[in-house]
Structure formats: structure tokens, C-alpha cells
Amino acid sequence: MIQDARVLQDEFIPSEVQHRDAEVNELTNALSPITHGRSGDTTFLFGPSGAGKTCISRFAVERLREEVLTLNVQYVNCWEDYSRFRTLYRILDGINETLDIHRQSTPHDVLLDRLREYDGAPYVIILDEVDQLDETDVLYDLYRIPDLTMILIANREEELFAEFDSRVRSRLTSSTRVHFDSYHLDELMAILEDRVRWGLESGVIDDDRLVQIADAAAGDARVAIGILRRAAERAQEAGANELTETTISEAIPEARESVRQRNIDQLTPDQRAVYEIIRDSDGLAPKAVYERYRDRVEDPRTMRTVRKYLSKLSHYNLVDASGTSRDRVYHADDPLS
DNA sequence: TCTCCACCGGAATGCTTGGATG
DNA sequence: CATCCAAGCATTCCGGTGGAGA
């Protein structure tokens with residue numbers, strides 16, 4: 001059944017990309033000064049999740065590597081490394097400059113100084129989910145470092161620029177911006193066919209089943225590949241030699257559920273209590289959530305802290321908040337929707 | 001239409017943790 | 001071993017927002 005599991009992971013970078021020629025060319029052009037020993041243009045990639053932004057940025061940088069012999073590259077997920085310190089640390093890590101920097105007792109500015117002193121090979125950094133940074137002024141500092149080329153990835157252009165302070169905004173308005181749309185059904189099909197060809201044994205899945213997956217993924221390539229992976233795992237466990245309609249329809253909620261479960265596993269016990277209260281209810285006002293939480297745990301946190309939990313939960317799409325003021329109600333996010 | 005107030009989320013502050021340093 | 005420092009988390013305070021109800 002599964003021939004090469006790597007192809008079914010979403011970090012996998014295909015050797016050829018499907019239906020993103022224009023976007024790849026724009027990014028490649030922005031990076032092209034690097035082949036002449038200069039630094040590339042700062043480039044933004046905007047678009048919904050699963051539209052190929054991360055994949056294309058890695059793909060373009062890998063191609064650049066073929067032309068530029070000495071090139072340093074670092075991928076930073078700003079969701080995980082959301083503070084100024086962590087972002088800079090991760091960037092220094094990409095050029096092996098972190099050996100004597102320690103999480104504690106190292107003043108902030110040492111990291112930036114270290115980066116400014118860097119005079120090695122051209123350095124490309126991909127900052128994914130850049131809208132998750134809590135201090136965007138680190139972008140201003142990074143922008144001013146010569147020989148550093150930034151690729152910045154976010155969902156929505158307007159929302160990202162609204163977060164910038166004027167200094168950051170004025171520097172970055174002139175940069176290249178590439179917009180991605182969700183994949184159409186036939187484009188998702190092409191992506192899936194590619195993964196099937198390299199990842200699965202031949203003849204295990206037909207076009208109708210691919211349509212079924214692409215349809216359920218609603219334009220999101222990451223979701224589509226996740227469903228394919230889960231379905232193949234199921235079939236492999238069952239010893240089946242083809243992917244049936246039933247296997248796939250069972251894999252669809254499971255693929256979504258596995259993302260959810262990963263997020264739930266990261267919650268603290270208090271956060272999980274809040275989540276379970278909402279999950280086991282039929283929509284609750286903030287006050288009711290807090291009262292139930294207070295009754296449920298020993299040594300409860302304050303209301304303000306629970307509000308922070310709630311914003312984290314909705315950030316992870318575990319709960320859904322409707323209403324903005326007194327009409328605010330929290331629902332569990334429906335895994336099937 | 002006006003006022004009230006539940007709710008949101010930013011900012012300042014304090015506590016704990018844990019490695020570095022003398 | 002005592003001290004220092006920054007991260008990370010919680011708490012306190014509070015101004016802004018926008019439905020609900022008069």
C-alpha cells in the first residue's frame with residue numbers, strides 16, 4: 001500500500017510544483033539578486049492555509065541552492081517562536097551562532113548584535129505565520145541587516161499590515177507581494193495524483209476517490225494530503241490493497257481530528273478543563289464558562305486568565321466565539337464542519 | 001435613542017523557574 | 001552557595017466596545 005511515507009508528509013517538498021508557476025517565478029525573481037552576490041528583495045506571500053505558500057517558499061529556496069553554492073537557509077515558524085528572543089535565536093541557530101547563547105542571562109541585544117556581525121554566505125530566512133509574532137518590530141531590525149533576505153508568510157495582507165507600527169510599515173510597503181488563492185478541485189487532483197504516484201503502490205486508488213478527497217479538502221492541499229495519508233494508513237493496517245470510498249469517508253473526520261488532538265495535547269490541565277466545559281455544552285456565555293470552571297477545578301485561575309485561555313482555544317480553532325460583546329457565546333468547534 | 005454593563009484585551013506588576021556567574 | 005537575569009505565567013487594574021433594555 002504505502003511505498004514512500006515521506007511523500008505523504010506535509011513537510012515534503014516535491015521536485016516539481018503543480019499550478020504555481022506564476023507564484024514561483026515571482027518569488028524566484030525576488031531572490032535572484034542572491035545569485036549575483038547581493039541580497040534578495042523582501043517578499044510577502046499571502047493566502048489562505050493550504051494554498052501552497054510554505055511549500056513554494058521552500059521549493060524556490062531549494063532551487064536557489066542549486067545555483068548558489070554557499071547559501072544559508074532557515075525556516076522559522078512564528079507560531080512556535082512568537083517572541084522577539086525566540087525568533088532571533090532561531091535565526092542565529094541557522095548559522096550556528098548559538099553555541100554560547102543561553103536562554104537565560106543573555107541580554108536581548110546580544111542576539112541582534114551577533115546577527116549584525118554576520119558576514120558569511122547569503123542568508124535566506126522564511127518567517128512563516130508572521131502574523132503570530134507578538135512584537136513585529138523585530139522585522140524592522142531584521143530588515144536593516146545586510147545580506148539577510150526575508151520571505152514573510154501570512155494569511156491576510158490587510159490584517160498583517162494593520163499590526164505593524166509605522167516604522168515597520170514604511171520599510172516594508174515597497175517589498176514584493178505574492179498572493180495565493182485556494183486550489184481548485186482539478187489543481188488539488190493534480191497534487192494528489194503526484195503524491196499517489198510516488199507515495200503509494202500503483203492501482204490502489206482511482207480518480208473518483210481522488211475527487212472525493214479533493215472535494216472534502218475544500219481547496220486546502222494540506223488537508224487533502226492529510227486525508228490521503230490517513231486513508232492509506234487505515235488501509236495498510238487492515239491489509240487492504242485498495243482505498244475504498246468507505247475508507248476515505250472514515251479518514252476525513254479522522255484527519256481533522258488528528259490536528260485537533262495535537263492541539264489538545266498541548267493544553268495545560270486548566271486549559272483543558274475550560275475546553276471540555278465548552279465541548280460538553282451547547283453554547284455558553286463567558287460568565288457561565290467561568291462559573292463551571294471554578295466549580296470544577298481546585299485552585300481556579302482568575303477570570304482574566306480564563307479569558308486568555310479562551311482566546312488561545314479559539315486561536316487553535318478548538319472553540320468558536322460568536323458575538324463581540326454581551327452577546328458572546330462559546331461553542332465547541334464542530335470537527336465535521 | 002440613550003444608558004448601562006458584560007465582556008474584551010492591553011499594560012503594568014509580581015511570582016516562579018532555572019541556568020550562569022562570582 | 002548566594003546572586004543575577006530573563007522567560008513565562010498569573011494577577012490586578014482599567015479603558016474601550018457594542019448589545020440589551022429602558
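Residue numbering restarts at 1 for every chain, and letters A, B, ... go by the order of the sequence lines. The figures here come from the full heavy-atom set of this structure, side chains too, leaving out hydrogens, waters and symmetry mates. Since the structure is predicted, the reported quantities are computational estimates derived from the model, not experimental observations.
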From the options [options], select the nucleotide whose nearest atom is closest to the side chain of [X].
X        : options                : answer
A:Arg86  : C:dT12, B:dC8, C:dG8   : C:dG8
A:Thr324 : B:dG10, C:dT11, C:dG18 : C:dG18
A:Ala285 : C:dG18, C:dA10, B:dC7  : B:dC7
A:Arg326 : B:dG9, B:dC7, B:dA6    : B:dA6
A:Thr302 : C:dT11, B:dC5, B:dC7   : C:dT11
A:Thr305 : B:dC8, C:dT11, C:dA20  : C:dT11
A:Tyr330 : C:dT11, B:dC8, B:dA6   : B:dC8

### Message
I'd like to know if the side chain of A:Tyr123 and the backbone of A:Ile91 have a donor-acceptor N/O pair within less than 3.5 Å.
### Response
yes
Rounded distance (Å) that lies between atom [atom2] of [N] and atom [atom1] of [X]:
X        : N      : atom1 : atom2 : value
A:Asp327 : B:dC5  : CG    : C1'   : 13 Å
A:Gln271 : C:dA10 : CD    : P     : 7 Å
A:Asp299 : C:dA10 : CG    : C1'   : 11 Å
A:Lys308 : C:dT11 : NZ    : C1'   : 8 Å

### Query
Counting any heavy atom closer than 4.0 Å, what does A:Tyr309 reach on the DNA or RNA strands: base, sugar-phosphate only, or nothing?
sugar-phosphate
### Message
Once you apply a heavy-atom cut-off of 4.0 Å, does A:Arg301 come out as touching a base, just sugar-phosphate, or nothing?
### Response
sugar-phosphate
### Task
Start with the C-alpha distance between A:Arg63 and A:Glu66, add both sets of side-chain angles, then the distance that settles salt bridge (Lys or Arg N to Asp or Glu O under 4.0 Å), and finish with yes or no.
CA-CA 5 Å; A:Arg63 278 223 312 218; A:Glu66 292 167 11; 6.0 Å; no
### Message
Less than 6.0 angstrom from the centroid, inside 45 degrees of the normal: does A:Arg177 satisfy that with respect to the ring of A:Phe161?
### Response
yes
### Query
Considering residues, nucleotides and ligands other than A:Asp119, do more than 12 of their heavy atoms fall under 6.0 Å from its CG?
no
